[in-house]
Amino acid sequence: MTNIDYTQLAEILFPNVKATPEEMEARFPARDLPEGACVSRLAPSPTGFVHLGNVVQGLTSERICHQTNGVLFLRIEDTDAKREVPGASEILIEMLSHYGIIFDEGAALNEEGKICDKGNYGPYKQSQRAGIYHVFAKKLVQEGKAYPCFCTEDELEQFRKEQEDEKANFGYYGKWAKWRDRSIEDIKKELDAGKEWVLRFRSTGSIENKFKFDDLVKGTVDVTENDIDHVLLKSDGIPTYHFAHAVDDHLMHTTHVVRGDEWLPSLPFHIQLFKALGFKMPKYVHIGPLMKMDGTSKRKLSKRKDPELALSYYKQEGYPTECVVDYIMTILNSNYEDWRRANPDAPMTDFKFSVKKMNPAGSLFDIAKLCDVSKNMISRMSAETVYNSVAEWSKEFDPEFNTEFTKDSEFTKAVLSIGRGGNKPRKDFAVWSEVKDYMGFMFDKYYNVEGTYPENFDNDTIVSALEKFAATFDTSDEQNVWFDKMKDVAESLGFARETKEYKANPNAFPGHVGDISAFVRVAVTGKQNSPDLYAVMSILGKDSVNNRIKAQIERLRG
Ligand code: GLU
């Protein structure tokens, strides 16, 4: 190795950096937290695409922190200006808060809804922390652990080609690490000529060396030492993810790094970097990707192919956020589902979350299961809650339906009360966008006058049944009286009064009382399936029922 004065090199590269690492340590002192309290963070890049992965990682960190009376913070990783979308951080905070992911600290929204810093470990936007990274970069240079590299894109591309030809590993190492051992004079010459440079880590690792590392989800993993001189600072002085991760998670006193397992290949470098900087390692929670079944095989959920990856999808379709959260908990912890069954009304936070129960290979996301969870949870909500949620959802996503739905709130709530409560509540819809289909017929605007009647009955028979029924229908009737009238109609038309009777002797009757109620159902609701017909008719009221039946009689007569 060339004998060069690293202190001098550090001064040449960072003449304006006066602060010391010790001053940084003093500025961000250890947190005053109870024993065992975890500190974690969500560290998204503000690309504008908020996805299920954010919720999965966010919930995992949130549970780890809040279950231990620790701190959850939000750090915005905006080191890639090209990918940044204005307003993305604001949207992210907004969206995540709906999923119960509330940060104690970090990037937050002020009263005007703009991004601000909350807490003592900021700034929480990486683009505003350049000065801090440079202090540690200078230290690494002083210690001979980092050096400037002036290679151009073309040169790097050339190395890549050579490596391809030689079937060598890719990267900046060995004979390709052109600037690793250059003299101060060489470096000065490039600097004086105004050449751009990046700061590289001087790796002392060897791929011959392997060791074990404990990940809280993956278990013990085999790690091969890193021998690449990765970039720490880009030519604009902004750090790469790796360097920012080490500096920030150290100074912010993160105890648990929860992140996607696409970072696992970088772990050897991160371990090396923490050591070189003299930092204590955090614990790692590497989460596998969300998978879905595609035919008979599993694949990662993809932004391009799967609209359900985007959080906006759930908002648009009207999935109650608590249902999405509950379903995500079932895929995060294998024992959550049983716990939920035993504690249907308990808040999710009562569950003892454990990273040990996470699937190292990633979770299977099945929208049909999400719908089951959602149907279950919605069936346990009060009519009032459903009403408010549908009103809010439809205001944004189906204003026309919203007008009908909210016109007479007592009427609408009465409809939503049908089959609600009791031990076996009805499970009619999983998302708010299904409510129109479920109960739209209660509003004349959506009532289908072209309903299809059961086959095998001629119009004259249906018309007679409807006429007879309309003549006796009375909204003050109890349900049994109402049904007896239905039976009377059946009998008067030669139909069986009881289904049983019909089944015992099907050739003796043209049909049974169930067919009569099916005629009435189609006439009143426009559909062959509807919520409880007696309840529907009572809520609609005599006039509305009679008008609909009358119109149907005319239609059937042709
Ligand atoms: N910005 C990184 C990402 O979105 C953060 C990874 C981490 O949590 O450390 O993948």
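Counting convention: from 1, in listed order, for ligands and their atoms alike.
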- So which heavy atom in the protein is nearest atom 9 (O) of ligand 1, and how far is it from that ligand atom? Tyr241 OH, 2.4 Å
- Query: For residues His286 and Arg259, is any side-chain donor paired with an opposing acceptor at under 3.5 Å?
  - Reply: yes
- Message: Can you report which non-hydrogen protein atom sits closest to atom 10 (O) of ligand 1, along with the distance?
- Response: Trp263 NE1, 3.0 Å
- Message: Could you check whether any heavy atom of Ser45 sits closer than 4.0 Å to an atom of ligand 1, since that is the contact criterion I want to use?
- Response: yes
- Considering distance alone, does some N or O of Arg259 sit under 3.5 Å from an N or O of ligand 1? no
- Before signing off on this row, confirm whether His245 and ligand 1 have an N or O atom pair separated by under 3.5 Å. no
- Quick check: does Val257 get an N/O under 3.5 Å from an N/O on ligand 1? no
- Note on the structure: Of all protein heavy atoms, the one nearest atom 5 (C) of ligand 1 is Ala43 O, 3.1 Å
- Item | Close approach of Val258 to ligand 1, heavy atoms, under 4.0 angstrom | yes
- Message: Can you confirm if the NZ or CZ of Arg63 lies within 45° of the ring axis of Tyr336 and under 6.0 Å from the centre of its six-membered ring?
- Response: no
- Measure from the ring center of His270 to the ring center of Tyr241 and say whether it is less than 6.0 Å. yes
- Message: Check this for me - ligand 1, Arg75, N or O atoms closer than 3.5 angstrom, yes or no?
- Response: no
- Item | More than 12 heavy atoms of other groups within 6.0 Å of Arg160 CZ | no
- Does the N or O separation between Arg41 and ligand 1 drop below 3.5 Å for any pair? yes
- Message: If only side-chain N and O atoms count, and only distance matters, is there a donor-acceptor pair under 3.5 Å linking Asn16 with His134?
- Response: no
- Query: Would you say Thr240's side chain and Val231's backbone share a donor-acceptor pair under 3.5 angstrom?
  - Reply: yes
- Centre of Tyr121's six-membered ring, under 6.0 Å away, within 45 degrees of the axis: is that where NZ or CZ of Arg31 sits? yes
